[in-house]
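Please read the structure below before turning to the comments.
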Amino acid sequence: VSSICSKEVISSIRERDVLSSAFSTFSIAFILIFWWFKMGIPTEPVGDLPLTLYYPGMLAISLYMGALLQCTMLGSTMLGVEGKRLWIMKSNPVESLLIMKGKASALIMMALPGLVAIWLPICILAAFPIKVTLFFGECLLIIIFCNTGLGIWAGSAFANFDESDRGNPDILVQFMLMGTSALFSSIILILPASVMLWNHNIGLFAGLIFIFVSFGILLAGIRAASSSYKSIFIDSYGV
């Protein structure tokens with residue numbers, strides 16, 4: 001698993017799609033920081049949103065966008081981008097489950113720097129309470145696990161080996177992934193966030209529970225990807 005993970009990280013940093021996703025994620029972090037220095041804490045209510053939830057709301061949306069780019073969308077290209085190299089890997093006596101674990105680990109490793117850059121600076125600048133800062137750290141792990149599981153499954157189930165598409169699934173699949181990611185992420189974040197608004201201590205415990213739930217989603221996605229990987233053959237994809 002570690003060998004596949006290191007291979008994925010080294011090869012991915014040479015891909016334009018990976019670099020552009022990382023740049024977009026760090027750009028989101030920069031925009032949050034810029035918005036803080038430009039606007040500060042609003043002095044008037046923003047619609048029905050209380051002032052205390054202004055930056056937490058922006059941070060939650062930003063974390064989701066970063067996870068969508070780094071985990072779901074990149075994960076959907078993890079097999080297609082291999083191209084003909086995939087058949088070399090399939091000819092080796094390596095279990096498909098180990099391959100998917102290595103690719104999922106690489107996705108998480110590459111996503112963490114950008115998402116941490118979104119999470120910590122705004123928490124420090126906006127002087128979030130320590131419990132709220134820790135809760136958003138839990139949210140970061142929740143959406144990484146959830147979106148990585150979805151992305152790694154989609155990468156096997158909808159693998160595209162057309163070199164002109166650079167491993168990206170077709171546009172309909174991409175829209176489906178965006179919608180599914182938004183649905184999963186909102187459900188799995190709204191529940192602990194609602195508890196957090198009621199009581200910070202119980203909210204932190206609820207966040208911890210949902211970390212395990214999202215990790216279960218990650219494992220389910222890896223196993224589903226492993227099954228799809230076994231059914232990929234050269235004649236099926238015209239490579």
Side-chain angles (χ1 to χ4, degrees), residues 5 8-9 12-13 15 17-36 53-78 101-126 128-155 177-178 180-193 196 203-204 206-208 210-219 221-222:
C5 177
E8 287 293 328
V9 172
S12 293
I13 59 178
E15 294 288 339
D17 296 338
V18 174
L19 294 177
S20 61
S21 294
F23 177 78
S24 299
T25 305
F26 281 103
S27 296
I28 293 172
F30 173 78
I31 291 171
L32 269 180
I33 297 171
F34 173 80
W35 192 263
W36 163 259
L53 297 182
Y54 182 70
Y55 281 103
M58 290 182 64
L59 177 55
I61 294 172
S62 299
L63 285 174
Y64 161 70
M65 292 174 62
L68 175 66
L69 289 170
Q70 292 285 96
C71 300
T72 303
M73 304 312 294
L74 280 185
S76 66
T77 69
M78 290 295 276
K101 285 181 178 179
K103 288 182 175 289
S105 300
L107 272 180
I108 293 172
M109 287 181 61
M110 291 187 291
L112 272 175
L115 291 178
V116 170
I118 293 175
W119 163 48
L120 272 183
I122 195 64
C123 290
I124 296 172
L125 291 172
F128 285 8
I130 185 64
K131 291 181 180 179
V132 175
T133 301
L134 291 175
F135 176 74
F136 274 105
E138 293 178 335
C139 292
L140 184 151
L141 293 176
I142 289 171
I143 60 173
I144 280 184
F145 291 155
C146 181
N147 282 277
T148 299
L150 175 63
I152 206 72
W153 164 76
L177 289 176
M178 291 179 190
T180 306
S181 172
L183 178 63
F184 276 15
S185 299
S186 59
I187 290 175
I188 208 167
L189 287 180
I190 286 175
L191 292 175
M196 187 68 181
L204 284 174
L208 184 62
F210 274 86
I211 288 176
F212 288 104
V213 172
S214 61
F215 188 72
I217 294 174
L218 171 63
L219 294 180
I222 289 174

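Because the structure is a prediction, the values reported are computed rather than measured.
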>> Please evaluate residues Phe136 and Leu120 with respect to the criterion side chain to side chain contact (heavy atoms under 4.5 Å, CB included), reporting the C-alpha separation (whole Å), side-chain torsions for both, the decisive distance (0.1 Å), and the verdict.
In response: CA-CA 9 Å; Phe136 274 105; Leu120 272 183; over 6 Å; no
Using a 6.0 Å cut-off, check whether atom CE of Met58 has over 12 heavy atoms from anything other than its own residue. yes
[X] (side chain) donor-acceptor with [Y] (main chain) under 3.5 angstrom:
X      : Y      : value
Trp119 : Thr133 : yes
Ser185 : Ser181 : yes
Glu138 : Ile211 : no
Gln70  : Ala22  : yes

[X] and [Y]: which non-hydrogen atoms are nearest, and at how many Å?
X      : Y      : answer
Val116 : Pro121 : O-CD, 3.7 Å
Phe26  : Ala117 : CE2-CB, 3.7 Å
Leu59  : Cys123 : CD2-SG, 3.7 Å
Leu204 : Lys131 : CD2-O, 3.5 Å
Ile152 : Ala104 : CD1-N, 3.9 Å
Leu177 : Leu150 : O-CD2, 3.9 Å

Rounded to the nearest 0.5 Å, how far does [atom2] of [Y] lie from [atom1] of [X]?
X      : Y      : atom1 : atom2 : answer
Ile122 : Leu63  : CD1   : CG    : 11.0 Å
Leu141 : Phe212 : CG    : CZ    : 10.5 Å
Ile118 : Ile28  : CD1   : CD1   : 5.0 Å
Ser76  : Leu107 : OG    : CG    : 9.5 Å
Leu19  : Ser24  : CG    : OG    : 10.5 Å

- Query: Between Tyr55 and Trp35, is the gap from one ring center to the other below 6.0 Å?
  - Reply: no
Please examine the side chains of [Y] and [X], heavy atoms only from C-beta on, and report whether any two atoms are closer than 4.5 Å.
X      : Y      : value
Leu69  : Leu74  : no
Cys5   : Met109 : yes
Ser214 : Phe184 : no
Tyr64  : Leu189 : no

* Quick one: do Thr180 and Leu183 satisfy side chain to side chain contact (heavy atoms under 4.5 Å, CB included)? Show the steps, please. => CA-CA 5 Å; Thr180 306; Leu183 178 63; 5.7 Å; no
Practice prompt. Give me the ring orientation class for Phe215 and Phe145: parallel if the planes are under 30° apart, tilted from 30 to 60°, perpendicular past 60°.
Written response: perpendicular
- Task: Apply side chain to side chain contact (heavy atoms under 4.5 Å, CB included) to the pair Leu112 and Leu140, showing each step before the final yes or no.
- Result: CA-CA 9 Å; Leu112 272 175; Leu140 184 151; 3.9 Å; yes
